[in-house]
Amino acid sequence: MVFPINAGVQVSRLQLVLELSRYLATGLTLLCVVYLSAQEVLATTLSIGMLFAIVTYTGYFTNAMLSLTQGWQQFLMLSLHVMRVSDIL
């Protein structure tokens, strides 16, 4: 009785850590891109339009990476559930 409850807590903790790391990585990526691009705009190497384009492309890339990591997380959870079912059978 205690083992399934502990397993559920571990699964929830893993999901929380993975979700937190995804959001943290997204925020840090956007922050770094905006900071570095703003430095280039101030140095007149980039225009404001280029800054918006870079931020937009970064958003597309990070959304694609978030979808990839979410699929990977779902695959890990699926393998965990298969292992739990195989323990029962």
Side-chain angles (χ1 to χ4, degrees):
M1 179 73 177
V2 175
F3 181 70
I5 294 172
N6 288 339
V9 169
Q10 289 176 349
V11 166
S12 297
R13 185 180 302 154
L14 177 65
Q15 286 177 335
L16 182 64
V17 167
L18 289 174
E19 186 174 345
L20 180 66
S21 64
R22 281 197 314 256
Y23 286 123
L24 185 64
T26 302
L28 288 176
T29 301
L30 183 61
L31 182 66
C32 289
V33 166
V34 168
Y35 176 76
L36 293 173
S37 298
Q39 293 296 324
E40 294 297 319
V41 167
L42 290 175
T44 64
T45 308
L46 290 177
S47 68
I48 299 291
M50 289 178 173
L51 172 71
F52 286 130
I54 290 171
V55 170
T56 302
Y57 288 139
T58 302
Y60 288 143
F61 179 75
T62 55
N63 284 337
M65 289 296 109
L66 283 176
S67 296
L68 181 66
T69 58
Q70 189 173 16
W72 176 69
Q73 179 187 1
Q74 289 174 351
F75 177 74
L76 287 177
M77 296 307 297
L78 179 64
S79 66
L80 177 71
H81 291 305
V82 167
M83 286 179 11
R84 290 174 75 184
V85 168
S86 69
D87 287 343
I88 293 171
L89 299 176

Taking a hydrophobic cluster as the set of Ile, Leu, Val, Met, Phe, Trp and Tyr residues connected by side-chain heavy atoms closer than 4.5 Å, whether directly or through intermediates, do [X] and [Y] fall within one such cluster?
{"X": "L28", "Y": "M65", "result": "no"}
{"X": "I48", "Y": "L46", "result": "yes"}
{"X": "M50", "Y": "V41", "result": "yes"}

From [atom1] ([X]) to [atom2] ([Y]), nearest 0.5 Å:
{"X": "T26", "Y": "F61", "atom1": "OG1", "atom2": "CZ", "value": "10.5 Å"}
{"X": "R22", "Y": "L24", "atom1": "CZ", "atom2": "CG", "value": "12.0 Å"}
{"X": "T58", "Y": "N63", "atom1": "OG1", "atom2": "CG", "value": "10.5 Å"}
{"X": "E19", "Y": "L66", "atom1": "CD", "atom2": "CG", "value": "10.5 Å"}

Nearest heavy atoms of A38 and L51, plus distance in Å: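 Closest approach of A38 to L51: N-CD1, 4.0 Å.
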
G59 backbone acceptor or donor facing T62 side chain under 3.5 Å: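 Yes, T62 side chain to G59 backbone: donor-acceptor pair under 3.5 Å.
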
Side-chain touch L36/I54, heavy atoms, less than 4.5 angstrom: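 They are not in side-chain contact.
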
